[in-house]
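This chain uses plain numbering: 1 for the first residue, then up along the sequence. All ligand and atom numbering here is 1-based and tracks the order in the structure.
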Amino acid sequence: VDRYIELLMELSDAFGPSGFEDDVRELIINRISALGYSYTVDRRGNLIAIKKGEGNYRVIVDAHMDEVGFMVKYISERGFIQLVPIGGYDDRILPGHIVKFKTDGTFVEGVFSTLPPHVLTQEERSKPLKLDKLWVDIGANSKEEILKKGISPGTPGVIHYNSRKMGNKIMGKAFDDRAGCAVLLYLMEELKDVGLPYDIVFAFATQEEVGLKGAHVIKEQYEGDIALIFEGTLATDIEGVSEKSMITRAGFGPALTLMDRSVIPSHRLLRFIEKIAERNNIPYQYKMPGVGGTDGGAYGLKNMEVAVIAVPARNIHSPTSLIDVNDFTATLTLAKEVILALPEYLNRER
Ligand SMILES: [Zn+2]
């Protein structure tokens, strides 16, 4: 599993806001081709690989490739850039960070322009800066210069930090949901030569952060009995947060969704996953109900049982989120054990 920590870091560093998942998809395609899988990419950019099995059941295993980011909205004559968000970014954390834009062949960096405290009134100092009042400076002197660099309205960007190890955690910008992508790649490698009594559809979805768009397309193309969603979810166990507000906690194992804003998972399937975790001594925790949403919301509209298993990530939807290494490796192991044990569940007496 240790190799997969490096792979997760590589995945997190890849550029891929919703609608611009190309680099992430490329990385995954290289990997699964090397493993000998064939694949398809649909018109919406979803990447699908199918492992055939014996029997009539089919399981969809999903992770989304996209991350939150920005798109260039407007460029001023003097050479400043205004952005709109792609997905849910928190305006408060933007100033002081570097934005990385992807142009046709290269990346261009810029910073958010901010006034120093010397010239601010007391009131201005206490108010967070909103994205629609922020301008990005790439060091250009005019609009023309920016256009020449390949940046124009529609150009995507993200706040980028290379992932790195910090104590027993790893920091990175896109564990939501490259953690899930890494889990799928792990399953694909581990199960490559394992005969299973059901088909597995490995679905790497696009545009989750803007409304589960890719998964909605996938669910129309592929029927299944079960959809297992692998995610990075919010860990709110930071200093100053009371116990009752801890959605999940880093270091307490994979988080199982009881109910979020997108879906109520199958509680029978949930009980089965708990059983498998206990049988294999894998720690797990529950994600506090009522928060967030995942691709499970799309599959849940079809005749499928849904479950969501997630790696808790502190500071999610920020460029510096932190996950616990043990939570990640435990999620890999749990994913594999659940997949291997699924025949027990599928063939149970109903
Ligand atoms: Zn996600």
Checklist line | Inter-residue atom distance Q221.CD - R44.CZ, 0.5 Å rounding | finding: 12.0 Å
Note to self: Restricting to N, O or S atoms, which atom of D176 is closest to the Zn ion (ligand 1)?
What the structure shows: OD1
Next item on the list: State whether E344 and R279 are salt-bridged, where the test is any N-O pair (Lys NZ or Arg NE/NH1/NH2 against Asp/Glu carboxylate O) under 4.0 Å.
Entry: yes
Item checked: Near-ring test H97/Y161, centroid separation under 6.0 angstrom -> yes
Next item on the list: May I ask you to check whether E209 brings an N, O or S atom to under 2.8 Å from the Zn ion (ligand 1)?
Entry: no
Notebook entry, point to check: Think R58 forms a cation-pi with Y299, using NZ or CZ under 6.0 Å from the six-ring centre and within 45 degrees of its axis?
Noted result: no
Next item on the list: Quick one: report the N, O or S atom of H64 that is nearest to the Zn ion (ligand 1).
Entry: NE2
